Student: 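Below is one structure. I have some questions about it.
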There are 2 protein chains.
Amino acid sequence: MGEENKIYISYNHIHKMCQDIAPKIKEFKPDLMIAIGGGGFIPARMLRTCLKEAGKPTLRIYAIILSLYEDLGTVSTAEEAPGVQVKRVQWIDYDQSGVDLINKNVLIIDEVDDTRKTLHYALSELEKDLAKQCKEKGGDPKNTKFGVFVCHNKLKEKKNNYQTISHKRVDISQKMFQILGFVILGKLMILNIIKKCANCKVMIYKKQGTSS
Amino acid sequence: MGEENKIYISYNHIHKMCQDIAPKIKEFKPDLMIAIGGGGFIPARMLRTCLKEAGKPTLRIYAIILSLYEDLGTVSTAEEAPGVQVKRVQWIDYDQSGVDLINKNVLIIDEVDDTRKTLHYALSELEKDLAKQCKEKGGDPKNTKFGVFVCHNKLKEKKNNYQTISHKRVDISQKMFQILGFVILGKLMILNIIKKCANCKVMIYKKQGTSS
């Protein structure tokens, strides 16, 4: 895919997108945020500011780290190649943090939804955690709602279990996924450039050093 | 402290700061990054892009979450009040991630160094982890280097153990701490405003909803 099919966008656009979606997310009333790192870190932190309401506690951002998109241990290519395996690197430490998922509205944040594999993995694992917690402490998993916010939902067929991610418990996500936003990090950010291509269906990371 | 003593800065400035410091951090040769969340998330993710070198693996960002600055469970005030206790909310899961600190160059990233309490806690706990790992697996803790990057080092007396944080094993941090940068998140970001005050010694978060 050539340069003409890429879209570059600034941090400010991502922040603006977080601001725009914040009222909708406030309707969801999130109790906690779970950022899928590293890509979810920036939108999660921005979104937390946009969700902040005077007189109410700041939302906690928990971080989970999965290795699908990380491309670790391999050399970089010009285009970001999705990994084939999802591997847990870091997860919520329920004991240490004292948090559980029972009766909570849980907002999951990631940067890009490509094949939906990462999101599916994260959500299904969180649902397992929830089921376990409900069994141990008592509670109904149906009282927990998961919402998903991604900056950019790639307009492509989702390989894995679209229904699982988008069933009614994840009601917010269907609306979220309509939002076309994305995160590109690199030197162009500094220039605040946005370059649009009407036919663009896939966004690629602009990496430092891959081109100038 | 009045409005005139605040400094607002854009995401792009933070990114630029990361770019400027990247060559210095590359000399440190970090093997892994540890972001102190939520504040460290944005600079860590930006910095990772700036540290990326073609043909080399992307650095992994691990997240640790401490509660000193989070001000959770209390209502917000106009100014960010440092907490009195450091509490672990999330930590590196060495077993799950398969990582250890032995013979590594570890780059810790946070947003603001105020009293140095959080950084001191994080570093001293990581040193304990390292000692334990060296004992179990064999290794010399002296072969591990910790570097610290903070966006903004507040120009004030550090209450806790300055020497511990700044001893020679943390050689990079002393240089890092000379950099005056900072992170402010809020609507002004969108406007790309930077407002400088020569006498400003303390930065305050600009929070959504606290003023317009």
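Reckoned from all heavy atoms, side chains included, excluding hydrogens, waters and symmetry mates. The sequence lines fix the lettering, A, B, ..., with proteins before strands; numbering per chain opens at 1. Bear in mind that the values here come from a model prediction, so they are computed numbers and not experimental data.
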Student: Can you list everything that forms a side-chain hydrogen bond (donor to acceptor under 3.5 Å, both in side chains) with A:Lys132? Sequence neighbours excluded, please.
Tutor: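 For A:Lys132 the side-chain hydrogen bond (donor to acceptor under 3.5 Å, both in side chains) partners, ignoring immediate neighbours, are A:Glu136.
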Student: To the nearest 0.5 Å, tell me how far B:Trp91 CH2 sits from A:Asp93 CG.
Tutor: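 With rounding to 0.5 Å, CH2 (B:Trp91) is 12.0 Å from CG (A:Asp93).
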Student: Check whether any side-chain heavy atom of A:Phe41 lies under 4.5 Å from a side-chain heavy atom of B:Ile42, and answer yes or no.
Tutor: no
Student: Which heavy-atom pair separates A:Gln96 from B:Lys87 by the least distance, and what is that distance?
Tutor: O-NZ, 3.9 Å
Student: How many angstroms lie between CD1 in A:Ile65 and CZ in B:Arg60, if you round to the nearest 0.5 Å?
Tutor: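 So the CD1 of A:Ile65 and the CZ of B:Arg60 are separated by 6.5 Å.
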Student: With sequence neighbours left out, what residues match B:Lys135 under side-chain hydrogen bond (donor to acceptor under 3.5 Å, both in side chains)?
Tutor: none
Student: Closer than 3.5 angstrom, by distance alone: can the side chain of B:Gln90 be matched with the main-chain N or O of A:Tyr62 as a donor-acceptor pair?
Tutor: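 Not a single qualifying donor-acceptor pair exists.
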